[in-house]
**Q** 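Pasting in a structure now, in structure tokens, and then I'll have a few things to ask.
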Amino acid sequence: MGGARNVFDKIPRGASCVTAVISGYAQMGSHVRLWSCILPNEFTLATILTSCSGACKLDLGRQVHSIAIKTNFESHIFVGSSLLDMYAKSNNILEARKVFDFLPERDVVSCTAILSGYAQLGLDEEALQLFIELYKEGMHCNYVTFTSLLTALSGLSALDYGKQVHSFTYRHELPFYVVLENSLIDMYSKCGSLTYARRVFNKMPERSSVSWNTMIVGYGCSHGGLVDEGLSIFDYMIKEKGLKPEIGHYGCVVDLLGRAGRIEKALDFIKNMPFEPTAAMWGSLLGACRVHINIPAGEFVAKRLLDIEPENAGNYVILSNIYASASRWQDVVDVRKLMMEKAVIKEPGRSWINLDKVIHTFYSSDRFHPKKGEIEAKIKEIYAKIKEAGFVPDLSCVLHDVDDEQKERMLLGHSEKLAITFGLMGTPRSFMLRITKNLRVCVDCHNFAKFVSMVYEREISLRDSNRFHLFVKGACSCGDYW
DNA sequence: TTAGGGTTAG
């Protein structure tokens with residue numbers, strides 16, 4: 001690229017060669033401010049906008065947007081779709097939607113761009129709704145559209161819709177696209193159907209590294225506690241294969257050690273590695289400190305994590321859980337105060353269950369659900385039954401400083417308990433309950449699900465923001481390790 | 001000649 005830039009610097013300015021240079025830079029993932037010296041055309045604008053994706057380049061993107069307005073290219077189909085994509089990728093989905101809504105004509109790319117914008121941000125229900133709308137309006141779909149749609153369906157655990165997409169692509173004899181198949185594997189495994197995921201994987205005529213990763217993640221290998229095997233693979237790649245591990249590999253090792261309770265060793269490993277530790281590393285280690293109740297390490301890790309990621313409410317919640325499990329209530333109160341000082345807002349807990357293609361969503365302490373009364377009665381019945389079988393509520397899961405009775409009531413309002421209860425009410429015993437939760441499942445709800453699976457002889461799959469839990473006969477596939 | 005959307009991973 002340096003050569004191209006040298007040539008460029010010597011020739012007179014004109015839109016076409018500038019576009020070629022920008023395009024070169026854009027493909028390399030960087031952008032340049034060359035456009036300030038020329039009058040841009042639709043090619044220039046679309047190219048530069050593509051290189052503006054990402055929150056840190058939003059200002060630049062906005063400047064290009066204003067140029068697009070001035071030059072009357074805002075509604076050009078290519079400029080418009082890269083513009084909306086730029087907004088979506090920098091977390092401004094409302095602005096992206098505005099651009100989309102004002103496009104004089106839509107095509108498969110602009111529709112896919114807005115759809116994937118919603119899906120990338122985890123706005124899965126919105127993505128599905130929009131897809132249904134556009135589809136009814138006769139939107140044209142291709143394999144990229146389905147790939148994006150599948151991302152949203154994975155997030156919703158919407159197995160029925162996912163199967164529909166699969167059979168649609170099958171019926172229409174789409175050529176083989178590895179990206180689409182990868183999305184299918186991901187969808188099936190996130191919907192709890194590993195058999196189908198594996199079937200897709202097996203039938204692929206060729207696979208990318210993503211296919212393997214997706215399949216491995218589906219099987220949950222990194223959560224299996226195979227510490228020595230993991231460490232020897234890490235050694236093997238360095239010593240035998242001569243590969244230089246990337247920061248992600250170091251992250252895996254930290255996670256592996258932490259999960260196995262070897263927290264001091266993990267801290268040591270972090271100290272000696274050639275990278276700055278990331279929030280992800282500290283985050284996984286903090287989770288480990290909670291599971292293995294290591295308070296000094298937890299405080300140490302939390303301090304570093306909250307420096308890098310002070311806005312992530314989940315970090316405070318785990319720290320608070322660590323204190324609560326050691327009955328250090330004053331520290332719990334202090335964490336809560338700290339959250340208020342920093343104006344951190346915990347995302348409200350939300351769980352959902354798909355029954356007959358309808359997504360039933362429950363919020364924590366849901367006061368507005370139409371079947372509120374029935375659910376309350378049923379949950380009381382469940383609670384009494386599982387208590388008889390030995391269930392003890394874990395009050396350390398409550399972040400608020402209230403009396404025990406109220407804590408118990410608050411725990412019963414957790415959204416995954418409501419979803420499980422609702423599922424039990426409306427389905428036969430042989431029906432596996434598939435619940436999805438937007439946050440990490442708490443210890444009390446995890447225990448609740450274990451007891452329900454035993455007392456009611458019901459299999460429950462619960463996907464939280466972190467991993468899968470399959471509850472059968474009182475035990476969970478995660479080995480109480482998440 | 002030059003242009004827009006896509007999969008996994010704490």
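Keep in mind that the numbers below use all heavy atoms, side chains included, and drop hydrogens, waters and symmetry copies. The chains referred to below are lettered A, B, ... by the order of the sequence lines, with proteins before strands, and numbering in each begins at 1.
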**Q** Out of B:dG4, B:dG6, B:dT7, which has the shortest distance to the side chain of A:S148?
**A** B:dG6

**Q** Return the value, rounded to whole Å, for the distance between atom NE2 of A:H76 and atom P of B:dG5.
**A** 14 Å

**Q** Are A:H166 and A:Y188 close enough that their ring centers fall under 6.0 Å?
**A** yes

**Q** What residues in residues 186-214 of chain A put a non-hydrogen atom under 4.0 Å from any atom of DNA chain B?
**A** A:D186, A:K190, A:V210, A:N213, A:T214

**Q** Could you give the CD-to-P distance, from A:E246 to B:dA9, as a whole number of Å?
**A** 17 Å

**Q** Between A:F131 and A:Y118, is the ring centroid distance below 6.0 Å?
**A** no

**Q** For a quick check of understanding: with a heavy-atom distance under 4.0 Å over all strands, which category does A:V108 fall into, base, sugar-phosphate or nothing?
**A** base

**Q** Between atom CG in A:L45 and atom P in B:dT2, what is the gap in whole Å?
**A** 17 Å

**Q** Could you check how far NE2 of A:H249 sits from P of B:dT8, rounded to whole Å?
**A** 18 Å

**Q** Is a side-chain donor or acceptor of A:T169 paired with a backbone partner of A:L174 at a separation under 3.5 angstrom?
**A** no

**Q** Select one nucleotide: of B:dG6, B:dG5, B:dG10, the one nearest the side-chain heavy atoms of A:N142.
**A** B:dG5

**Q** Of the non-hydrogen atoms in A:D255 and A:S284, which two are nearest, and what is the gap between them?
**A** OD1-CB, 3.2 Å

**Q** Identify whether any heavy atom of A:G283 sits under 4.0 Å from a base atom; if not, whether one sits that close to sugar-phosphate; answer base, sugar-phosphate or nothing.
**A** base

**Q** Between atom CG in A:L153 and atom P in B:dG6, what is the gap in whole Å?
**A** 17 Å

**Q** Taking the minimum atom-to-atom distance to the side chain of A:F43, which one of B:dG4, B:dT2, B:dT7 wins?
**A** B:dT2

**Q** B:dG6, OP1 or OP2 - any side-chain N/O from A:K89 closer than 4.0 Å?
**A** yes

**Q** Strictly below 4.0 Å: does A:S82 bring a side-chain N or O up to OP1 or OP2 of B:dA3?
**A** no

**Q** Could you give the CG-to-P distance, from A:N41 to B:dG4, as a whole number of Å?
**A** 13 Å

**Q** With a 4.0 Å cut-off on heavy atoms, is A:Y143 in touch with a base, just the backbone sugar-phosphate, or nothing at all?
**A** base

**Q** Holding to side-chain hydrogen bond (donor to acceptor under 3.5 Å, both in side chains), I want the full list of residues that pass it with A:S110, two or more places apart in sequence or in another chain.
**A** A:D107

**Q** If you look at every strand shown and take non-hydrogen atoms under 4.0 Å, does A:I77 touch a base, only sugar-phosphate, or nothing?
**A** base

**Q** As a test of reading the structure: which of B:dG5, B:dG10, B:dA3 is closest to the side chain of A:T145, going by heavy atoms?
**A** B:dG5

**Q** Find the distance A:L84:CG to B:dA3:P and express it as a whole number of Å.
**A** 19 Å

**Q** Please test A:S157 against A:R463 for side chain to side chain donor-acceptor pair (under 3.5 Å), starting from the C-alpha separation and ending with a verdict.
**A** CA-CA 8 Å; A:S157 297; A:R463 203 187 86 207; 3.1 Å; yes

**Q** Decide, yes or no, whether a salt bridge links A:E311 with A:K342 under the criterion of side-chain N to carboxylate O below 4.0 Å.
**A** no

**Q** Using a heavy-atom cut-off of under 4.0 Å over every strand shown, decide if A:S81 touches base, sugar-phosphate, or nothing.
**A** base

**Q** Taking N and O atoms by type only, does the side chain of A:D107 place a donor or acceptor under 3.5 Å from a partner on the base of B:dG4?
**A** yes

**Q** Provide, to the nearest angstrom, the distance between the CG atom belonging to A:L149 and the C1' atom belonging to B:dG5.
**A** 14 Å

**Q** Filter on ring pair (Phe, Tyr, Trp, His ring centres under 6.0 Å), then keep only pairs touching residues 81-108 of chain A, sequence neighbours left out; what's left?
**A** A:H65-A:Y87

**Q** By the 4.0 Å heavy-atom rule, please label A:T112 as base, sugar-phosphate, or nothing.
**A** base

